[in-house]
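Comments concern the structure below.
These numbers come from a predicted model, not from an experiment.
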Amino acid sequence: MTSLYSLASVLFWLLAFVVFYTYLGYGIVIWVLVRLRRGYAAPPAQPVEPLPSVTMVVPAYNERDYLPAKLDNCLAQTYPADKLNLLFVIEGSTDGSAEYLASRQLSIPALSVISGTERLGKIVAMNRAMSQIKTDITIFTDANTTLNREAVSRLVARFAPPSVGAVTGEKRINTEGKESAAGSGEGLYWRYESFLKKLDAQLYTIVGAAGELFAVRTSLYEPVEPDTLLDDFIISLRIAQKGYRVEYAPDAYALERPSHSVSEETKRKVRIATGGFQAIRRLAPLLSVGRYGWLSFQYISHRVLRWAVTPFCLPILLLLNLLLLTQPNVPPLWIGLFWAQILFYIAAGVGYILESRQTRWKLTFVPFYFVYMNVCVLAGFLRYRRGGLSGKWEKSRRAA
């Protein structure tokens, strides 16, 4: 019994440390590392001269309702109009998107459209678009997002150092006063993610771009496998693999509404989690810290642990704690830890129940969103194991 107790105790604390490090410890570690490195001041980046030519790529499947606002938003950018091209990729759309954009092309010389009747998928569309782009910089942005007017200029400015191969903007969730728990939690999650990204960029590089708004040096783009689920992540990390940095531009942002409901958000998160497991397999060389150094350290700490390790630790922690309670003369510590976990999951369950009532009670929606994210990862793992993945468009409804 003593050996079993010791083994269970050691394993419990090891897994508890992994969970703590994944969600809080890594942030503390890179915060300390960034402060220690502040003694080294890199020379200030010089303005990009002359200004590079840019193409904004907007992949859109049946997004006719968003296209007028998106097109106007692109045209309102402060970047010089003679340096900015627009390319909308709408293949497979059946909602009149092609007809609408064709009508706008008459008055917008910089606008190009790739359309077609066959729904091949976003990745195929992006690969097809990139084969036609000749500009220095390519910016990808979603049709259902709104960019700040300076977004393009601020993204391009980050390319001044030759070591920068890609730049990601910031994703912001536009939640209203009485949003669902999923939407509120999503906004809180992305604020924390933005904090971590700022530290990542200051330490070495961002590990994964935001698909809502990111830019690449066109010459560094490599065609992505057609069944890829996380194109933004794969594209940016493969550029980092080549030795380039992925910079962060929080002052260039894409604003979008949260998902229409928990069911819609669940579909999106399970797909992201499935793509995470797919990406970890395809980016296996990045697990070598000896080869990639800081990039591997950040990639494992910020992504691999969160996707492929911690979600499995949570149920094991509860089971180990339960096992320890069956031993004789149980210390009060194990009893307290067990009930702390139980109360946390009860709070998450209450948050789930109240979600349909659009609660903003933080005592429940924070535990709810934490548990919800990890459950989606486990569901994504099962989906990945089943195989049959497709990179075809999957529309999700957003709140109005």
So which heavy atom on Ala98 is nearest to which on Ser115, and how close? CB-CB, 4.3 Å

Pairs satisfying side-chain hydrogen bond (donor to acceptor under 3.5 Å, both in side chains), at least one member in residues 215-226, at least two apart: Asn127-Tyr221, Thr138-Thr218, Glu222-Lys242, Glu225-Arg238

What heavy-atom pair brings Ala308 and Ile280 nearest, and what distance separates the two atoms? CB-CD1, 3.8 Å

Is there a donor-acceptor contact under 3.5 Å linking the side chains of Glu170 and Ser194? yes

Hey, is OH on Tyr244 packed in by over 12 heavy atoms from elsewhere, all under 6.0 Å? no

Which atom of Ala210 lies closest to which atom of Thr168, heavy atoms considered: N-OG1, 2.9 Å

CD-CZ distance between Gln105 and Phe88, expressed to the nearest 0.5 angstrom: 10.5 Å

For Val18, is there any backbone N or O sitting under 3.5 Å from a side-chain donor or acceptor partner on Thr22? yes

Closest heavy-atom pair and its distance - Ala273, Cys376: CB-O, 3.7 Å

Salt bridge present between Asp65 and Lys70 (N-O < 4.0 angstrom): no

Going through the checks in order, is the side chain to side chain donor-acceptor pair (under 3.5 Å) test met by Ser301 and Arg306? CA-CA 8 Å; Ser301 298; Arg306 188 177 297 186; over 6 Å; no

Salt-bridged, Glu193 to Arg303, with N to O below 4.0 Å? yes

Which of Thr205, Leu283, Asp200 passes side-chain contact (heavy atoms from CB on, under 4.5 Å) with Tyr299? It is Leu283

Joint hydrophobic cluster, Leu314 plus Val10, side-chain heavy atoms closer than 4.5 Å: no

I want to check a possible cation-pi pair here: Arg158 against Tyr248, using under 6.0 Å from ring centre and within 45° of the ring axis as the test. no

Trp307 and Phe312 aromatic centres sub-6.0 Å: no

Which of these passes side-chain contact (heavy atoms from CB on, under 4.5 Å) with Ile137: Val167, Val54, Leu155, Val216? Val54

Phe370-Tyr23 aromatic ring centre distance below 6.0 Å: yes

Check: Tyr5/Trp334 side-chain N/O donor and acceptor closer than 3.5 Å: yes

State whether a side-chain donor-acceptor pair under 3.5 Å links Thr266 with Tyr372. yes

Decide side chain to side chain donor-acceptor pair (under 3.5 Å) for Thr145 and Tyr66; before the verdict, give the C-alpha distance in whole Å, the side-chain angles of both, and the deciding distance to 0.1 Å. CA-CA 9 Å; Thr145 62; Tyr66 290 102; over 6 Å; no

May I ask you to check whether Gln341 and Asn321 show a side-chain donor-acceptor distance below 3.5 Å? yes

How is the hydrophobic cluster of Val270 composed, in terms of its other members, when Ile, Leu, Val, Met, Phe, Trp and Tyr link through side-chain heavy atoms under 4.5 Å apart, directly or indirectly? none

In terms of side-chain geometry, is the basic nitrogen of Asp232 or Lys171 positioned less than 4.0 Å from the acidic oxygen of its partner? no

Is there a path of hydrophobic side-chain contacts, each under 4.5 Å between heavy atoms, that joins Leu11 and Leu333? yes

Just by distance, do the side chain of Thr55 and the backbone of Thr135 share a donor-acceptor pair under 3.5 Å? no

Which heavy atom in Leu84 sits nearest to a heavy atom in Ala110, and how many Å separate them? O-CB, 3.6 Å

In terms of heavy-atom contacts, Gly275 and Leu230 come closest through C-CD1, 3.5 Å

Under 3.5 Å, is there a donor on one side chain and an acceptor on the other for Asn73 and Thr146? no

